[in-house]
Amino acid sequence: MFRRLTRAASFLTALDPATTARRIASAGTLIASLETLSQHKRFAKGDLLGSQADAFYPNLAQEHPRVHRALTSRALPYAVYGAQAALSAATLIWPGNRPLRIAGGAALTALQSVQGQLMPYGRDGADQLQMVINTTMATTGLIRDHERANDLAMRTLALETSLSYVASGLVKAVSPVWLKGDAVAGVIRTKNYGEPNAHKLLTRYPALSKALSWGTIAIECGFPVIYLLPKPAARAYLGTMTAFHLGIGAFMGLNRFVLAFGATHPAIHYVLSQRRRERAPVPVPVPSTNH
C-alpha cells in the first residue's frame with residue numbers, strides 16, 4: 001500500500017510539484033465551497049452558516065448601517081462561497097497561470113479571511129492550511145523567475161507542514177487523554193466524527209486504541225526526522241502520513257484534511273529530492289592530457 005502511495009506521489013511531483021500542489025489545494029477549496037453552497041438554506045441571517053456580523057460587531061448597525069446591511073445580507077454567503085468556487089475551479093484548470101496564481105491566490109486568501117471573521121461555523125484546521133497555501137503561492141508568484149518562485153513556495157510549504165505536524169503532536173503529547181491511549185476511541189465514538197464499527201473494534205481491543213493514540217503522537221512529533229532519513233525510509237514515512245490522512249477522512253469524515261495536507265506533500269517530496277541533489281558529489285573535471 002505504501003509503495004503505491006509513494007509511487008503515485010512521486011509521479012505527480014515529477015510533473016511539477018508546484019502545479020500539483022495548486023491543483024490539489026484548489027480541489028479542496030472547490031469541494032469545500034460547493035459543500036457549503038449545497039446547504040444554502042442555512043444562509044439566513046443568524047443561522048448557522050449565515051453571517052454572524054451582529055454577534056461579532058454589535059455596534060456596527062448604529063455606526064455604519066450600510067456596511068451592516070451588506071455584511072448581514074443573505075447574499076453575502078452566496079457571493080463569498082460562489083467566488084471561492086469559481087476561483088478554485090479556474091486554478092484547477094489553469095494551475096500554471098502566473099496572474100491567476102497571484103490574483104487568485106490573494107483573492108482566495110481574502111475570501112477565507114471573510115469566512116473566518118463573519119461565517120466561522122463549519123470551518124476547521126483544513127481551512128487554515130488552505131489559507132497558508134494560497135498566501136504562499138500568491139506571494140511567491142510575484143517573483144518573476146519561475147524556478148525560484150516555485151523553489152521558495154515548495155520550501156515554505158514543507159516548513160509550514162512540518163511545523164503543523166509537530167505542533168499538533170506536542171498538543172497531544174501533553175494531553176492526559178492522549179497519553180492514556182483513549183483519545184482515538186473517544187473521538188470515534190462521537191456523533192459528528194464517529195464510526196460505529198471502528199468504535200466497536202477499538203472497544204474490543206483497547207491495545208489497538210493505545211497504539212493508534214501513541215503512534216499518532218510519535219509520527220507527528222517526529223516528522224522533521226523525514227529530512228534526515230534515507231530515500232526509501234523518507235518515502236515510507238511520507239506514505240504513512242498520507243495513509244494517516246486517508247484514514248482520518250474515511251473514519252472521521254474529515255475529508256478536507258486529506259486534500260489540504262495532500263497539497264503540501266508534493267512540497268515535501270520536492271525538498272527531499274533537492275536535498276539528495278545538494279548532497280550529491282560535484283564531479284571533478286579531469287585535466288586534459290593533450291598539449
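In the hydrophobic clustering, Ile102 connects to Leu142, either directly or through intervening members, whenever side-chain heavy atoms lie under 4.5 Å apart.
Counting heavy atoms from C-beta outward, Ile248 and Val258 have side chains that stay 4.5 Å or more apart. Contact of the Leu238 side chain with the Phe223 side chain is registered, since non-hydrogen atoms from C-beta on lie closer than 4.5 Å. Side chains of Thr136 and Glu160 form no contact here, defined as non-hydrogen atoms less than 4.5 Å apart. Taking the side chain as every heavy atom from C-beta outward, Ile133 and Leu157 approach each other to under 4.5 Å. Looking at Gln274 and Met154, their side chains never come closer than 4.5 Å, going by heavy atoms from C-beta outward. Looking at Val166 and Pro224, their side chains come closer than 4.5 Å, going by heavy atoms from C-beta outward. Looking at heavy atoms from C-beta onward, Arg98 lies in side-chain contact with Arg144 at the 4.5 angstrom threshold. Counting heavy atoms from C-beta outward, Met119 and Pro77 have side chains that approach closer than 4.5 Å.
Without hydrogens or angle criteria, Thr36 side chain to Ala32 main chain gives a donor-acceptor distance under 3.5 Å. Side chain of Trp178 to main chain of Ser213: no donor-acceptor pair is present (N/O by atom type, distance under 3.5 Å, no hydrogens or angles). Between the side chain of Asp47 and the backbone N or O of Gly50, no donor-acceptor pair lies under 3.5 Å. Between the side chain of Ser168 and the main chain of Ser164, no donor-acceptor pair closer than 3.5 Å is present.
Between Pro266 and Thr20, the shortest heavy-atom contact is CG-CG2, 3.9 Å. Summarising the geometry of Tyr227 relative to Ser162, their closest heavy-atom pair is OH-OG, 2.9 Å, with the distance given to 0.1 Å. Contact between Leu30 and Ala85 at its shortest, heavy atoms only, is CD1-O, 3.4 Å. Minimum interatomic distance between Pro120 and Gly116 (heavy atoms only, all atoms of both residues): CB-O, 3.8 Å. The shortest non-hydrogen separation linking Met131 to Ser113 is CE-N, 3.6 Å. Contact detail for Ala173 and Ile217: the closest heavy-atom pair is CB-CG2, 3.9 Å.
A distance of 6.5 Å separates OH in Tyr237 from CD1 in Ile219, rounded to the nearest 0.5 Å. Taken to the nearest 0.5 Å, the CD atom of Glu35 stands 9.0 Å off from the OG atom of Ser33. Rounding to the nearest 0.5 Å places CE of Met241 at 11.5 Å from CG of Leu246. Atom CG of residue Leu87 and atom CG of residue Leu100 lie 7.0 Å apart, to the nearest 0.5 angstrom. To the nearest 0.5 angstrom, Arg23 atom CZ is 14.0 Å from Ser88 atom OG. Atoms NZ and OG, from Lys180 and Ser209 in turn, are 10.5 Å apart once rounded to the nearest 0.5 Å.
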Note to self: Set out, in order, the CA-CA distance, both residues' side-chain angles and the distance that settles side-chain contact (heavy atoms from CB on, under 4.5 Å) for Leu179 and Val174, then state yes or no.
What the structure shows: CA-CA 7 Å; Leu179 292 176; Val174 297; over 6 Å; no
Next item on the list: I would like to know whether Val80 and Gln115 meet side-chain contact (heavy atoms from CB on, under 4.5 Å); could you show each step before the answer?
Entry: CA-CA 8 Å; Val80 170; Gln115 294 171 29; 3.7 Å; yes
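Residues Val132 and Leu159 are members of separate hydrophobic clusters, defined by side-chain heavy-atom contacts under 4.5 angstrom among Ile, Leu, Val, Met, Phe, Trp and Tyr. Follow the hydrophobic side-chain contacts under 4.5 Å out from Leu111 and you reach Val67 in the same cluster. Taking hydrophobic clusters as Ile, Leu, Val, Met, Phe, Trp and Tyr residues chained together by side-chain heavy-atom distances below 4.5 Å, Leu49 shares a cluster with Leu71. No continuous path of ILVMFWY side-chain contacts below 4.5 Å connects Val184 to Val171, so the two sit in separate hydrophobic clusters. Grouping the Ile, Leu, Val, Met, Phe, Trp and Tyr side chains by contacts below 4.5 angstrom, directly or via other members, places Ile31 apart from Leu37.
Side chains of Thr135 and Thr109: a donor on one and an acceptor on the other come within 3.5 Å. Asp151 and Tyr270 share a donor-acceptor pair across their side chains, judged by distance under 3.5 Å alone. A side-chain N or O of Gln117 and one of Tyr57 form a donor-acceptor pair less than 3.5 Å apart. When only modelled atom types and interatomic distance are considered, Gln112 and Gln84 share no side-chain donor-acceptor pair under 3.5 Å. For Thr29 and Gln130, the side-chain atoms include no donor-acceptor pair closer than 3.5 Å. Of the N and O atoms on the side chains of Thr140 and Arg101, at least one donor lies less than 3.5 Å from an acceptor on the other residue. For the residue pair Asp54 and His68, a side-chain donor N or O sits within less than 3.5 Å of a side-chain acceptor on the partner.
Classified by interplanar angle (parallel below 30°, tilted 30° to 60°, perpendicular above 60°), the ring pair Tyr165/Phe261 is parallel.
Counting non-hydrogen atoms of other residues, nucleotides and ligands closer than 6.0 Å to CZ of Arg148 gives a total of 12 or fewer.
In this structure, the ring-ring contact (aromatic ring centres under 6.0 Å, His included) partners of Phe43, at least two apart in sequence or on a different chain, are Tyr78. In this structure Arg256 satisfies the salt bridge (charged side-chain N to carboxylate O under 4.0 Å, His left out) test together with Asp124, Asp127, sequence neighbours excluded.
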